[in-house]
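Some notes on the structure that comes next.
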Amino acid sequence: MVSYVNYKNAPVKYTGQIRIYDEEAFIGMRKIGRIAAECLDALVDIVKPGVTTQEIDDFVFAFGADRDALPADLNYRGYTKSCCTSINHVVCHGIPENKQLHAGDIVNVDVTFIKDGWHGDTSRMYPVGPIKRASERLLEVTHESLMRGIAAVKPGATVGDIGAAIQRYAESERCSVVRDFCGHGVGLIFHDAPNILHYGNPGEGPELREGMIFTIEPMINLGKPGVKILNDGWTAVTRDRSLSAQYEHTMAVTKDGCEIFTLSQNNTYYVPVTHS
Ligand code: MF3
Ligand code: CO
Ligand code: CO
């Protein structure tokens, strides 16, 4: 059975319990969430045709270092980069490398920074130069899927309400929801309880309570939902090689809804795109 615990009464390691955070935590999460969001804001001017994903990774590391924030990805379960860069049919956990981006690509950059123990986890899509209308539509549907999931967050709702809102919308747009990865509790722990599934039924799963902090990060495909992991042990791709997109926010449940910690500070979050 699911149980809840005041975060000050639990060890700082995964226990399966759902941590309930307080105002002191919210202050730390606002600070690191803003840094993560500002990093993604700054990347709008960097993610262009010809840039390599390694250069993006270098930028993310330096951005954090300048602000005394450490990338949580670095050395996480053997991962050796500071962010994930997932291009086109890559669903998530693409590894930065010395390979250029090309006009027409869509790429997700996913960053998590740590400051004073608090983790801010967020990702968004970047169109590389002009992109096709079909690609743009996938970005729109995926961003809207995230926002519909967020709109379901309030005390008394359940994790299933979030997943159902996302699945209902994405499938109504003839897209599919990846099942193999989910959102997660976050705060003092990078990947904590509960799992936030991006599909499901209203009323199912753990109840949302004020003070919970978690991510919602739907991966939406133009084709079928199936994924496979490449031999590097990280890169997840669509089995049918269809395009995949993802947006992610870190948020907390508040008295009457939620507070998003990773909102864009200059309204570039929903990246305007140009057509080819
Ligand atoms: N940031 C990812 C998430 O949203 C996790 C990346 S773990 C890494 O949960 F090791 F691949 F970096
Ligand atoms: Co996450
Ligand atoms: Co992330």
Side-chain angles (χ1 to χ4, degrees), residues 14 18-19 29 32-41 43 47 53-54 56-61 63-64 69-87 90-97 107-115 118-126 142-143 145-146 149-150 153 159 162-163 166 177-198 212-220 227-237 244-252 258 260-264 269:
Y14 184 89
I18 297 174
R19 275 163 235 266
M29 289 301 293
I32 197 59
R34 185 185 178 118
I35 288 171
E38 286 176 344
C39 180
L40 296 189
D41 288 342
L43 280 171
V47 181
T53 48
Q54 181 59 54
I56 293 171
D57 197 72
D58 293 343
F59 179 87
V60 168
F61 182 85
F63 192 94
L70 197 72
D73 290 8
L74 201 53
N75 301 316
Y76 178 77
R77 297 177 183 230
Y79 194 77
T80 61
K81 302 294 176 176
S82 297
C83 67
C84 297
T85 50
S86 303
I87 306 166
V90 178
V91 172
C92 64
H93 303 162
I95 305 172
E97 59 181 326
V107 59
N108 174 281
V109 182
D110 189 333
V111 301
T112 307
F113 287 108
I114 314 173
K115 196 185 186 67
W118 301 108
H119 294 67
D121 186 3
T122 183
S123 83
R124 70 172 87 152
M125 299 301 299
Y126 298 84
T142 307
H143 185 263
S145 296
L146 169 60
I150 291 173
V153 175
V159 168
I162 299 171
I166 292 167
V177 179
V178 170
R179 307 292 203 271
D180 302 69
F181 302 94
C182 54
H184 49 92
V186 69
L188 289 177
I189 309 276
F190 189 5
H191 291 119
D192 205 358
N195 286 335
I196 307 293
L197 276 54
H198 303 117
M212 283 174 63
I213 301 180
F214 53 81
T215 74
I216 305 179
E217 49 182 298
M219 286 137 275
I220 306 295
V227 311
K228 67 176 181 190
I229 309 290
L230 300 187
N231 286 333
D232 59 26
W234 286 101
T235 311
V237 300
S244 186
Q246 179 179 29
Y247 287 81
E248 175 177 24
H249 272 313
T250 294
M251 71 211 70
C258 80
I260 305 172
F261 294 124
T262 49
L263 280 177
S264 170
Y269 187 75

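When a residue number appears, it is its place in the shown sequence, counting from 1. Counting convention: from 1, in listed order, for ligands and their atoms alike.
Between the Co ion (ligand 2) and H191 there is no N/O/S contact shorter than 2.8 Å.
Aromatic ring centroids of H93 and F181 lie under 6.0 Å apart.
Test D41, T262, D110 against R124 for side-chain hydrogen bond (donor to acceptor under 3.5 Å, both in side chains) and you get one pass: D41. The residue from T215, I150, D121 that alone fulfils the side chain to side chain contact (heavy atoms under 4.5 Å, CB included) condition with H249 is I150. Test I166, I216, V177 against S145 for side chain to side chain contact (heavy atoms under 4.5 Å, CB included) and you get one pass: I166.
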Decide side-chain contact (heavy atoms from CB on, under 4.5 Å) for W234 and I229; before the verdict, give the C-alpha distance in whole Å, the side-chain angles of both, and the deciding distance to 0.1 Å.
CA-CA 6 Å; W234 286 101; I229 309 290; 5.8 Å; no
Do N108 and T85 pass the side-chain contact (heavy atoms from CB on, under 4.5 Å) test, and can you show the C-alpha distance, the side-chain angles, and the key distance before you say yes or no?
CA-CA 6 Å; N108 174 281; T85 50; over 6 Å; no
Under the side-chain contact (heavy atoms from CB on, under 4.5 Å) rule, what do N195 and V159 come out as? Steps first, then yes or no, please.
CA-CA 8 Å; N195 286 335; V159 168; over 6 Å; no
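Below 30°, between 30° and 60°, or above 60°: for H119 and F190 the angle between ring planes is below 30°, a parallel geometry.
Protein nitrogen, oxygen and sulfur atoms, that is N, O or S, within less than 2.8 Å of the Co ion (ligand 3) amount to 4.
H184 NE2 to L197 CG: the interatomic distance, rounded to the nearest 0.5 Å, is 12.5 Å.
Within a 6.0 Å radius of CZ in F61, other residues, nucleotides and ligands contribute 12 heavy atoms or fewer.
Sorted by chain and number, the residues within 4.0 Å of ligand 1 by heavy atom are D73, Y76, Y79, C84, H93, D110, T112, D121, H184, F190, H191, E217, W234, E248.
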